[in-house]
Amino acid sequence: MSVISILMIGLGLAMDALAVSITIGINSNKKSKIKMAFKAGLFFGVFQAIMPFIGWAVGRNFTKYIEMMDHWIAFILLAIVGGKMIYEALKGEESEEEKIYSNKTLLILAIATSIDALAVGISFAFLNVNILSSILIIGVVTAILSFIAVYIGEKLGEMFKSRAEIFGGIVLILIGLKILIEHLLK
């Protein structure tokens, strides 16, 4: 598989992480934006690289089990985090972004947005793809896009102000629904 093909796969896999990173940026304040951008890039980039490797290592034997559950896991994780954000916004408490996007929350979001990469890794095993260069490309593409997306989201957050957390929660739930619907329609 060519480097261009792997790059395109990396861009496709990074789209959910990009959308979530925009949401993170919407809810970020200016003074900690750079920290959140680095954390988002790190978490999403690392998990987008790890998941194809795990899928590649698992190979054919477990494909049907992973594909039966991956969309449900992603939907549930994103719905929980998104629902929590909406609840806290409607409750009227000002949440600090460090609380909303703690390392634990970023870990959950990174796993939820990278589950599809697991299936890609399984296909890599069948195609005899160079896994190390592939996961490096996928991880770097996702990290860079996620970093940039936090800045884009921060600009959007300035426009939305008080509704940013509700908007962010809705985006997360919609991403989860998109993943679920795409897999149910296959």
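Since the structure is predicted, the reported quantities are computational estimates derived from the model, not experimental observations.
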Lys39 vs Asn103, side-chain contact (heavy atoms from CB on, under 4.5 Å): CA-CA, chis, key distance, verdict: CA-CA 8 Å; Lys39 281 175 68 172; Asn103 289 342; 3.0 Å; yes
ILVMFWY network linking Val3 to Trp56, side-chain heavy atoms under 4.5 angstrom: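 Yes, one cluster joins them.
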Single-linkage hydrophobic cluster Ile181~Ile175, side-chain heavy atoms < 4.5 angstrom: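 No, because Ile181 and Ile175 fall into different hydrophobic clusters, even though each may have its own neighbours under 4.5 Å.
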Heavy atoms only: give me the nearest [X]-[Y] pair and the separation to one decimal.
X	Y	value
Ala49	Gly139	CB-CA, 4.0 Å
Gly10	Ile138	CA-CG1, 3.9 Å
Ala149	Ser21	CB-CB, 3.6 Å
Pro52	Ile131	O-CD1, 4.0 Å
Gly55	Ile122	O-CG1, 3.2 Å

Distance, nearest 0.5 Å, that separates [atom1] of [X] from [atom2] of [Y]:
X	Y	atom1	atom2	value
Ile24	Ile152	CD1	CD1	13.0 Å
Ile135	Asn130	CD1	CG	9.5 Å
Ile6	Leu13	CD1	CG	10.0 Å
Ile111	Phe43	CD1	CZ	10.0 Å
Leu18	Met15	CG	CE	5.0 Å
Leu109	Ser114	CG	OG	10.5 Å

Counterpart residues, side chain to side chain donor-acceptor pair (under 3.5 Å), relative to Ser133 (two or more places apart):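 Applying side chain to side chain donor-acceptor pair (under 3.5 Å) to Ser133 gives none.
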Verdict with supporting geometry, Phe47 and Leu107, side-chain contact (heavy atoms from CB on, under 4.5 Å): CA-CA 9 Å; Phe47 273 87; Leu107 177 67; 3.2 Å; yes
Test item: Ile54 and Val58 side chains (from C-beta on) under 4.5 Å apart, heavy atoms: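 SC-SC contact between Ile54 and Val58 confirmed.
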Candidate pair Ile137 and Ile9, rule side-chain contact (heavy atoms from CB on, under 4.5 Å), full reasoning: CA-CA 9 Å; Ile137 291 168; Ile9 290 169; over 6 Å; no
Backbone of Thr113 reached by a side-chain donor or acceptor of Gln48 within 3.5 Å: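 Yes.
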Side-chain (Glu154) to main-chain (Lys33) donor-acceptor, under 3.5 angstrom: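 The answer is no, because no donor-acceptor pair under 3.5 Å joins these two groups.
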Ile108 and Thr105: CA distance, side-chain angles, deciding distance, side-chain contact (heavy atoms from CB on, under 4.5 Å) verdict: CA-CA 5 Å; Ile108 291 168; Thr105 301; 5.6 Å; no
CZ/Phe147: more than 12 non-hydrogen atoms of other groups inside 6.0 Å: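 Yes, CZ of Phe147 has more than 12 neighbouring heavy atoms, counting only those of other groups under 6.0 Å.
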